[in-house]
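Let me begin by presenting the structure, written as structure tokens, before commenting on it.
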Amino acid sequence: YLVKKADSENSNDYLKSYLAYTLALLGKEGYCESILEKFNIADIDNLTILSYIGLAYAEMGDTYSLEMANQYANKIRSYVIPLTRTVQIANSSNSYSSYYYSSSIGQMATIMQLFVTLDPNDKNVDKLLYTLMTECKYGYWQNTATSARVLEAVYTIIKEKKLETTDLV
């Protein structure tokens, strides 16, 4: 059903990329690959879409998929401008973004999640995290969906850097 929905003319690239990531998480690589093969990295300039495609490839975990995930991450890196403690994301097309689906904060969280998944020691991860923490107002980011997106990315940092065993006592 979901794959048929992804093929419908009412579906946009953001939803297709998110579906591919979700299917990869569920271990449905065959369905995931059928969606991913329709994307061409050169034709995509929305960083959230690039991030979800990269995360889908990374989740599949085979050598080819990890190579593809790194290609998507490298394209994203060309838009990431490291500053002293933070990063700035250069403008890219956000033709499918909306306040709910793809805010700049949600985009940054998704980028951070991809980077830490591919390399837990990536220098941009700490800067992206610091930038996201400065954007947190009154205990949440913009809305519930964006807050959940950031928290999922932070959990990925904890998992990938093996911080769950850290004892601060």
Side-chain angles (χ1 to χ4, degrees), residues 2 5-6 10-26 32 35-36 39 41 44-59 69-70 72-168:
L2 291 175
K5 278 294 196 188
N10 295 332
S11 184
N12 63 43
D13 286 345
Y14 175 87
L15 296 175
K16 290 176 186 176
S17 65
Y18 186 77
L19 176 60
Y21 173 56
T22 304
L23 290 169
L25 287 173
L26 293 171
C32 179
I35 295 170
L36 292 175
F39 286 107
I41 191 169
I44 305 167
D45 59 358
N46 181 299
L47 300 182
T48 307
I49 293 170
L50 289 167
S51 298
Y52 278 127
I53 294 170
L55 283 166
Y57 276 119
E59 190 63 36
N70 276 304
Y72 280 88
N74 288 336
K75 181 167 182 176
I76 294 167
R77 283 182 212 289
S78 67
Y79 292 95
V80 177
I81 304 164
L83 303 172
T84 306
R85 294 178 74 184
T86 61
V87 296
Q88 199 171 15
I89 307 294
N91 287 341
S92 70
S93 168
N94 283 314
S95 56
Y96 297 121
S97 69
S98 70
Y99 184 71
Y100 180 83
Y101 281 139
S102 183
S103 66
S104 61
I105 294 170
Q107 181 179 71
M108 198 174 298
T110 309
I111 291 169
M112 181 178 72
Q113 185 175 1
L114 174 61
F115 287 179
V116 76
T117 299
L118 295 174
D119 178 10
N121 299 315
D122 188 316
K123 301 285 187 224
N124 286 321
V125 170
D126 294 336
K127 291 180 179 201
L128 283 160
L129 179 60
Y130 186 83
T131 305
L132 286 169
M133 297 311 288
T134 61
E135 293 292 327
C136 182
K137 307 289 187 226
Y138 309 109
Y140 67 94
W141 293 266
Q142 288 181 324
N143 57 40
T144 305
T146 302
S147 295
R149 185 84 221 73
V150 172
L151 292 174
E152 181 183 357
V154 169
Y155 173 72
T156 302
I157 290 175
I158 292 168
K159 183 177 69 175
E160 294 296 327
K161 290 189 174 203
K162 299 178 182 20
L163 298 175
E164 67 272 356
T165 59
T166 304
D167 186 3
L168 299 175

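Not measured: the values here are computed from a predicted model.
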Test ring-ring contact (aromatic ring centres under 6.0 Å, His included) applied to F115 - qualifying residues, sequence neighbours left out: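 Listed in chain order: nothing, the list is empty.
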Pairing residues for F39 by the ring-ring contact (aromatic ring centres under 6.0 Å, His included) criterion, not counting sequence neighbours: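 Expected list: none.
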Only counting residues at least two apart or in another chain, list the ones meeting side-chain hydrogen bond (donor to acceptor under 3.5 Å, both in side chains) with [X].
X	answer
K161	D126
T110	R149
Y155	none

Tell me the closest heavy-atom pair linking [X] and [Y], and the distance in Å.
X	Y	value
A69	G54	CB-O, 3.4 Å
I76	L47	CD1-O, 4.1 Å
A109	A153	O-CB, 3.3 Å
P82	V87	CA-CG1, 4.0 Å
L36	A20	CD2-CB, 3.7 Å

Selection residues 50-59 - residue pairs positive for salt bridge (charged side-chain N to carboxylate O under 4.0 Å, His left out), sequence neighbours left out: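 Checked against salt bridge (charged side-chain N to carboxylate O under 4.0 Å, His left out) - neighbours excluded - no pair reaches residues 50-59.
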Expected output: side-chain K75 to main-chain L50 donor-acceptor under 3.5 Å: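 The answer is no, because no donor-acceptor pair under 3.5 Å joins these two groups.
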Could you grab the distance from atom [atom1] of [X] to atom [atom2] of [Y], nearest 0.5 Å is fine?
X	Y	atom1	atom2	answer
N124	L129	CG	CG	12.5 Å
Y18	N12	OH	CG	13.5 Å
Y52	L15	OH	CG	10.5 Å
L55	I111	CG	CD1	10.5 Å
L26	L23	CG	CG	6.5 Å
L151	W141	CG	CH2	5.0 Å

Whether over 12 other heavy atoms sit under 6.0 Å from K162 NZ: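 Check fails, neighbour count at 12 or below.
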With sequence neighbours excluded, tell me which residues meet side-chain contact (heavy atoms from CB on, under 4.5 Å) with [X].
X	answer
I158	V154, L163, E164
D119	N121, D122
T156	Q113, V116, T117, E160

Min side-chain heavy-atom separation I81-I89 under 4.5 Å: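 Not in contact.
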Flag side-chain contact, heavy atom, 4.5 Å: D13 against N46: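 A side-chain contact is absent here, since even the closest heavy-atom pair is not under 4.5 Å.
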